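Note that this is a predicted model, so its numbers are computed, not measured.
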Amino acid sequence: MMNNSLLFGCIAFLILASTVLSFEVQGNEKSQDKEQVLQTKEVYGTVRDSVGPIPGVSVTIKNTTTGTTTDLNGKYILEVPDDPNTTLVFSMVGFDPQEIVIGNQTSIDVTLQVSSTQLDEAVVVAFGTQKRTDLIGSVTSINPSELKVPSSNLTTALAGRLAGVIAYQRSGEPGADNAEFFIRGVTTFGYKKDPLILIDNIELTSTDLARLNPDDIASFSIMKDATATALYGARGANGVILVTTKEGKEGQARVSFRLENSISSPTQDVELADPITYMRLNNEAILTRDPLGRLLYSDEKINNTVPGSNSLIFPSTDWRKELFKDHAINQRANLSVSGGGKVARYYVAGSFNQDNGVLKVDNRNNFNNNINLKTSSLRANVNINLTPTTELITRLSGTFDDYTGPIYSGGGFYTRVMRANPVLFPAYYPVDADHSFVKHIMFGNFEEGNYLNPYADMVRGYKDYARSNMNAQFQLQQDFGFITEGLSARGLVNTARISFFDVIRQYEPFYYQLGAYNLRNNSYQINIINPDDGEDYLSYQPGEKTISSTVYLETAVNYNRTFAEKHNVSGMLVYILREALDANSATLQESLPFRNVGLSGRATYSYDNRYYAEFNFGYNGSERFYKAQRFGFFPSAGLAWTISNEKFWEPLKSTITNLRLRGTYGIVGNDAIGAGRFLYLSEVNPNDNDRRAVFGTNNGYSRNGVSISRYSDLNITWETAKKANIALELGISNRWNIIAEYFREHRTNILQSRASTPASMGLWATPAANIGEAKGKGIDFSLDYNQSFLNGSWIQARANFTYATSAYEIFEEYDYTNEWWKSRVGYPINQRWGYIAESLFVDEAEVTNSPRQNFGEYLAGDIKYRDINKDGQITELDMVPIGYPTMPEIVYGFGVSYGIKNFDISTFFQGLARESFWIDPEATAPFVPYHYSDQERNSGILYRNQLLQAYAESYWSEDNRDLYALFPRLSTYPIENNTQSSTWFMRNGAFLRLKQVELGYTLPKSITEKLRMSNLRIYANGTNLLTWSKFDLWDIEMAGNGLRYPVQKVYNIGLQASF
Amino acid sequence: MKKLYIYASLIIGLIFGSCQNYLDIVPDNVATIDNSFNMRVSAERFLFSCYSYLPKLSNIEKNPAFTAGDEIWLHDNYITPGWQIAQGNQNVVDPFLNYWQGTRSGDDLYQAIRDCNIFLENIDLVPDMEEGERLRWIAEVKFLKAYYHFYLIRMYGPIPLKKENLPIDTDPEAVKVPRNTLDECFEYVVELLDESTAYLPPKILNESTELGRITQPIALAIKAYVLATAASPLFNGNPDYTNFKDKQGNLIFGTTYSAEKWERAKEACRLAIEAAEAAGARLYYYSQSGQQYNVSPDLEIQMNIRNAVTEKWNDEIIWGHSNSMTDNMQVQATPRGLDPANRASAGARGNAGVPIKIASIFYSKNGVPIEEDKAWDYAGRFNLRQASAEEEHLIKLGYTTANLNFDREQRFYASLGFDGGIWFGQGKFNEEEAFFVSAKKGDPASNVTNATFNATGYWAKKLVNYTNVITATGYNREQYPWPIIRLANLYLLYAETLNESGGPSSEVYQWLDLVRERAGLAGVVDSWAQHSVNPTKPLNQDGLREIIHRERLIELALEGQRYWDLRRWKKATEELNKPITGWDIEQRTPEGYYREKVLFQQSFSTRDYLWPIRENELLANKNTVQNPGW
């Protein structure tokens, strides 16, 4: 299956590549003919920057591979065709390339400008672009190539790479491994906390962002402050991620492709105790709570079990080994073609990723139940000049996920392995003489057959799902320079269709158990458990189907003009309309279209590249609110001063090349304030089955009742964020580039439920109102360093750091005048409250003499909590804020890249700090039933937690009364006393990891030329290679989620070529 | 220039003119609460909503009376919220079976009351209703409102009464209502019941669609029970609560004893019995006519008892809970492996174990307590004995079992299944071939899987309809409406109130003996005179009180009455501090099996008489005080 798809991919590439190549070859032949007939001449000169001559600058003749580099003194000599149209290209890392038509000159001196990617680059901002030097708002943009990680998920690359982004990844499961990311942390305790994501101006989800191919990205920007986001009005408060895709450039068709093949394996597996310890401790867990309890495992069984013996009489099943392979192999390929002429330009790209899970496949089934996620995308951006002033752009894109996998998610199997009994039965019994006629797999089970056999769950069937997202965009731009200079307008229509379905095919397994056995001759009998229930044929279950559509319309007028060379004025007005429909709504209210309208505008003025001012506003309406509350006005303003452009700075200009101050203040909103819509309306279910009553001799007459799930409140409206931002930009010697920003935010009108309503009021639902307030503040910091050396090597280093913290300002809660420690006000939004665990109880006397703990049964060896309010019992009033917030307050990253000759190497480290997490005491409690969902709870299957090796090594027992053991007294049923939120299971989430290392080799021109390529680079990289943290049960980035699909370590080799 | 303005204003006008409409997407006829009272049909749905909150009394997970006391004992693989209470785990942080807030398997009764109030506020608006029906519906909802209040009072003592709804936008301070006094609470319940009685039908005529709706006899019976509860020691002059004050310092739990309360309860019982009998209620007697089974006299008496509970809508049922059909409880009460041919079937689960102390309360065959019976060897009750032909309708012939299971009254055999006990029905309707339970280790009804088993060795046979059939993979059940109140209950309540208000009299004996007669026992005076070591016990008020209490615990055993009776009699501190015991079910031999094994040492203190109010409710409502001791 895997090989097939690889083969298919290769063939597709070959066909495409050969088509393009043949076209390309013809073109090249012509130019070579031309060269041969021309004479040559020598040109020479010096290349400098604002400081002095620069060595190692590449000087080439445009559209050829002929060229040289400057020497130590920045000088060069080059033989060129004696044609006045010949163009020289001067290029070097960290500087803008410069092209010069030689004309009749023979001496050409050049001054290179520091790269525009740092200074003059056009940065994508809301509904337009601005030069970085003009920027007042807080926008981080990143070179898309930095987002290139060996993963099919772009979101996993965000952490530590963008100043201002708090990001972390909790799961490594293909298709469900999106990192969570927040811009400048979270300053609301309302509903929507994550940023607005716009791809080519279209609002999409983080999954769509995840599927985006970095090679197709032209720009990737994060909008952080009010000035950058005010135009998005009521939807900009959580920040905005803005991505644009590449467009074609005039010139010959340029083809580039990339192939990658990677091996991924879990960064760390959770270690489980051996089966003998498991049985011993399980027996202990029974007796320690109930001395008269019945033991599960006899001495005979414990003594005869040998791990790894494959014994069927005394099985020891390593479920992880039965289910999972050590690693998975994944492939990624993408191809793009771009080019065009005077009239039209195109960028066409396709990509294909294949991600495989680590599940084993049972060859006795003819279907594949391993995870196989194919994601492919196709993108075509075409720009057409209809007239010299009119441009038409169409963008078509589609992303498609095709998944085949087990009926439960990959993560579902990790959690199943953690709850399967390792000693009662093997995964399956081999066919013996008694069962030679059997056509099905003889899965192992016990007693009634309601024990969990994860292997049976894995091979009993498979699931297909398909997701597609199609976008079609049409944009028309008109330059109205003929009316007045600098005026232009554009209109854009986009429609998106997203669809999803899944299908499950499965059979009901036949289970067998061990019957009589004879140890002497090692013979045994197996008996079928469920002859009536099992099936040896597949049945079919249609699953969820979703369809949604979005239509978006945007019209804008732009004005941009410079007067008297010094006064730069620009203005813009944008009008947008958006409608989204969802075909799978549960209620009438949900089924109504989602709509937004908005008018936004921007006005900027700058004087002499020194003083800048900007005003933005958004005027937005959302259908979610009552008429009177529907529209909001969100203004913002900013000022900037480029000190380094002042006259008085001239003497310093060569060392401090850039010094700039900027500040903004403004208001933005967040209209996604609750899970439901129309929160101002009451929600009544006039036909509620839960409120049904039935009467009559044979229950013959029943009527559903009425229920209310929400009360009407016409005043409900959006959240408002007042944001302030101050930034300092500093450039030193063209090598160092530093941006430091400080921000504050005050969020008001946060929707929260009225806590003070007693239950005796009898309300169906707790009313909610816009009463909450929160504030946030923090720092973003980024540093870049670029330098080239005499020997042609170069080094780049970058670091960034984000600190964002928040606090409740106004939060309606119970009156905690006497228990002030219970009040949330002043504490971070993700702060957790819990009990202070003092130790484990040493004996029953201590239990009796300590304050009563109100969480059910507790004995010696259970957790002892501190009575904070000294009222003689432990209740919720004794909870205090514990640990750091559950979302990291600090995320940072730093990396160095170094290149010499054709080699390049880069490393990137990433870390986070000021985060606490909790080991889930219920999911890890050994021998206890634990369910991740109601579906599991009601399935009738016995899920019993496995024993973690760490717990087996450190737990309280009657013989070893370790008061600070990792795990309290064992039990076979949940002990609520020990599962309270407390400091006992709290851990520090800080870590630093070697996130990525990449080693690349670019083939020398002499070879690539022969291959008719312009560039060919092969590289190897790896992610999540090393981690430093104090926590060692599982990969710390997964935090409390550690028993699920682990975060992956990936080794990857790739090839990138263009021609 | 002028043209430009025109165009500009036109464009702006278009944009903003359309804006407002563009966002108007909510259609006019979205459902609101007012819709419920536009028509009779929708108002009926609201009426049914009010009914829907009736606590699901047949549900072992929800009815505290099964597992929160000592009547049913479970095991670690089947834990109900009530059983947590039984094991002393009740708490203020998140109380089990919290009916005040509707959490931890409790129903939200204050929400129920709010629904009732909404109904009463709006029912006059319904245009297409006949007046008589409107009055009946109002009466039903008033009854429900009274019942919900009473359910809370019985658990929590004095509560904040909700005579009318506070509007949703009430000032946050005004919603913090204090608790009313206990007397106000009981008075209000009685007042509502009185208001409702007149407009309720004496009898359901349209049985096929209305059986289960509230009738006059139901309202009168509940009133009798409410008044008897108010007159009982827990709520009548209980000195334990002398300092039970609210935040303002008012005493909210009256501690003066009033004999008049018993008088009032007695009168209410009389009226309730009269109304019930006038509507055709009578004690259930199993009738052979039309049945093809040939049953022995012993079995006939047992069928009187079993069917009085499990035969739906039999004549004895005053209030059958059609919204709580007894289903899972039958699964839990039936021994797994009762049918040895289908011992692998997981249809019957049998988790509900009955402790030995419950099995011990049933009388000897002479109709007196086994510890008082002159002829019954109480000290040797755990000795073994083999069943002879004499008791072959009760215990499997030749089976060895404990003395405790021999020479008991028929209600013992009707109510309990036990190792060696005959179990009629369940697909075997020929008495000679009837199933018997075999529960020692390795036997069909023993613990096989550790997940479903009976921890004590006694099964609640009384709750199992005899026509249910265990199949290879399931269990076909005849569901029956849970009997909230049946006539025998009223008779015994009447006897109790008569004795409390006037002491022993022939009238007291008469009501007691009616119940005893149906169980095949002689009258109370004769039985004691002939067989008891304390022959004059029925002749004095205290002795008779003991007898009435015991009769009530036996007759209504396993029906969720004991739990509340022990409380109102203030006997829980005595009874619920005794150990829970069962047979040693892991043994294979009779000698091993018939040893009394302690399963749990229960503890019950004064504070446990009243439920704790959850801590956060007290924080939300600073004017409400916690119950004493919590």
Distance, nearest 0.5 Å, that separates CD of A/E976 from CG of B/D94: 7.0 Å
Under 4.5 Å from a heavy atom of chain B, the part of A/Y816 involved: side chain
Region of A/N596 in contact with chain B, defined by heavy-atom distances below 4.5 Å: backbone
Any A/V706 side-chain heavy atom under 4.5 Å of B/F119 side chain: no
A/E448 vs B/T452, side chain to side chain contact (heavy atoms under 4.5 Å, CB included): CA-CA, chis, key distance, verdict: CA-CA 11 Å; A/E448 286 178 24; B/T452 63; 4.1 Å; yes
Distance (rounded to the nearest 0.5 Å) between A/L942 CG and B/N77 CG: 8.0 Å
Heavy-atom pair with the smallest gap, counting every atom of B/E617 and A/P758: OE2-CB, 3.4 Å
Which of A/S712, A/G696, A/G705 touches chain B most, by non-hydrogen pairs under 4.5 Å: A/G696
Over all atoms of both residues, closest heavy-atom pair of B/E44 and A/Y701: OE2-OH, 2.8 Å
Residue selection (most heavy-atom pairs with chain B, distance under 4.5 Å) from A/T875, A/N977, A/L681: A/T875
Under 4.5 Å from a heavy atom of chain B, the part of A/Y680 involved: side chain
Intermediate values then yes/no, side chain to side chain contact (heavy atoms under 4.5 Å, CB included), B/D24 and A/R630: CA-CA 10 Å; B/D24 269 341; A/R630 213 166 259 171; 2.8 Å; yes
Options B/Q101, B/Q84, B/K162, ranked by heavy-atom pairs under 4.5 Å with chain A, top entry: B/K162
Closest approach of A/E447 to B/V448 (non-hydrogen atoms, all atoms of both residues): OE2-O, 3.3 Å
Minimum heavy-atom distance A/T697-B/W313, with the two atoms named: O-NE1, 2.8 Å
Pairwise distance CE(A/M761) to CG(B/N165) - rounded to 0.5 angstrom: 8.0 Å
Contact class of A/P593 relative to chain B, heavy atoms under 4.5 angstrom: both
Heavy-atom contact with chain B under 4.5 Å, split by part of A/T972: neither
Atom of B/Q111, atom of A/L763 and distance for their closest heavy-atom approach: OE1-O, 3.9 Å
Criterion side-chain contact (heavy atoms from CB on, under 4.5 Å) against A/F855, the qualifying member of B/N89, B/V93, B/N91: B/V93
Top contributor to chain A interface from B/N447, B/N323, B/N621 [non-hydrogen pairs under 4.5 Å]: B/N323
Distance under 6.0 Å and angle within 45° of ring axis: A/R691 vs B/Y53: yes
Contacting region of A/I874 [heavy-atom separation from chain B under 4.5 Å]: backbone
A/R595 (side chain) donor-acceptor with B/Y22 (main chain) under 3.5 angstrom: yes
Greatest number of heavy atom pairs closer than 4.5 Å to chain A - which of B/T624, B/L152, B/N616: B/N616
Proximity breakdown for A/R677 and chain B, heavy-atom pairs closer than 4.5 Å: side chain
Side chain to side chain contact (heavy atoms under 4.5 Å, CB included) assessment of B/K312 paired with A/N698: CA-CA 9 Å; B/K312 66 164 103 169; A/N698 293 308; 3.0 Å; yes
Region of B/I613 that comes under 4.5 Å of a non-hydrogen atom in chain A: neither
Among the listed options B/I113, B/D115, B/I79, the residue most often paired with chain A at heavy-atom distances under 4.5 Å: B/D115
Residues that A/Y451 engages under side-chain hydrogen bond (donor to acceptor under 3.5 Å, both in side chains), provided they are two or more places apart: none
Candidate pair B/V175 and A/R754, rule side chain to side chain contact (heavy atoms under 4.5 Å, CB included), full reasoning: CA-CA 12 Å; B/V175 303; A/R754 309 300 304 247; over 6 Å; no
Least distance between heavy atoms, A/A759 atom then B/Y110 atom: O-CB, 3.5 Å
Interatomic distance, A/S707 atom OG to B/I33 atom CD1 [nearest 0.5 angstrom]: 8.5 Å
Most chain B-contacting option - heavy-atom pairs closer than 4.5 Å, from A/D690, A/L592, A/N854: A/N854
Side chain, backbone, both or neither of A/E579 within contact of chain B (heavy atoms, under 4.5 Å): both
Which portion of B/S36 sits near chain A, non-hydrogen atoms under 4.5 angstrom: side chain
Point-to-point distance, once rounded to the nearest 0.5 Å, from CD1 of A/I708 to CD1 of B/I118: 5.5 Å
Rounded distance [0.5 Å steps], CG in B/D76 versus OH in A/Y973: 5.0 Å
Contact origin within B/V598 toward chain A - heavy atom pairs under 4.5 Å: backbone
Heavy-atom proximity to chain B below 4.5 Å, by part of A/R289: neither
Options A/L588, A/N530, A/N704, A/D532, ranked by heavy-atom pairs under 4.5 Å with chain B, top entry: A/N704
Any donor-acceptor pair under 3.5 Å from B/S322 side chain to A/V694 backbone: yes
Side-chain donor/acceptor of B/R45 to backbone N/O of A/R703, under 3.5 Å: no
Largest heavy-atom contact set with chain A, pairs under 4.5 Å, which of B/A112, B/A346, B/G212, B/A620: B/A620
Short side-chain to backbone donor-acceptor contact, B/Q87 and A/E857, under 3.5 Å: no
Toward chain B, the part of A/E813 with a non-hydrogen atom under 4.5 Å: neither
Greatest number of heavy atom pairs closer than 4.5 Å to chain A - which of B/K597, B/M325, B/K622, B/R213: B/R213
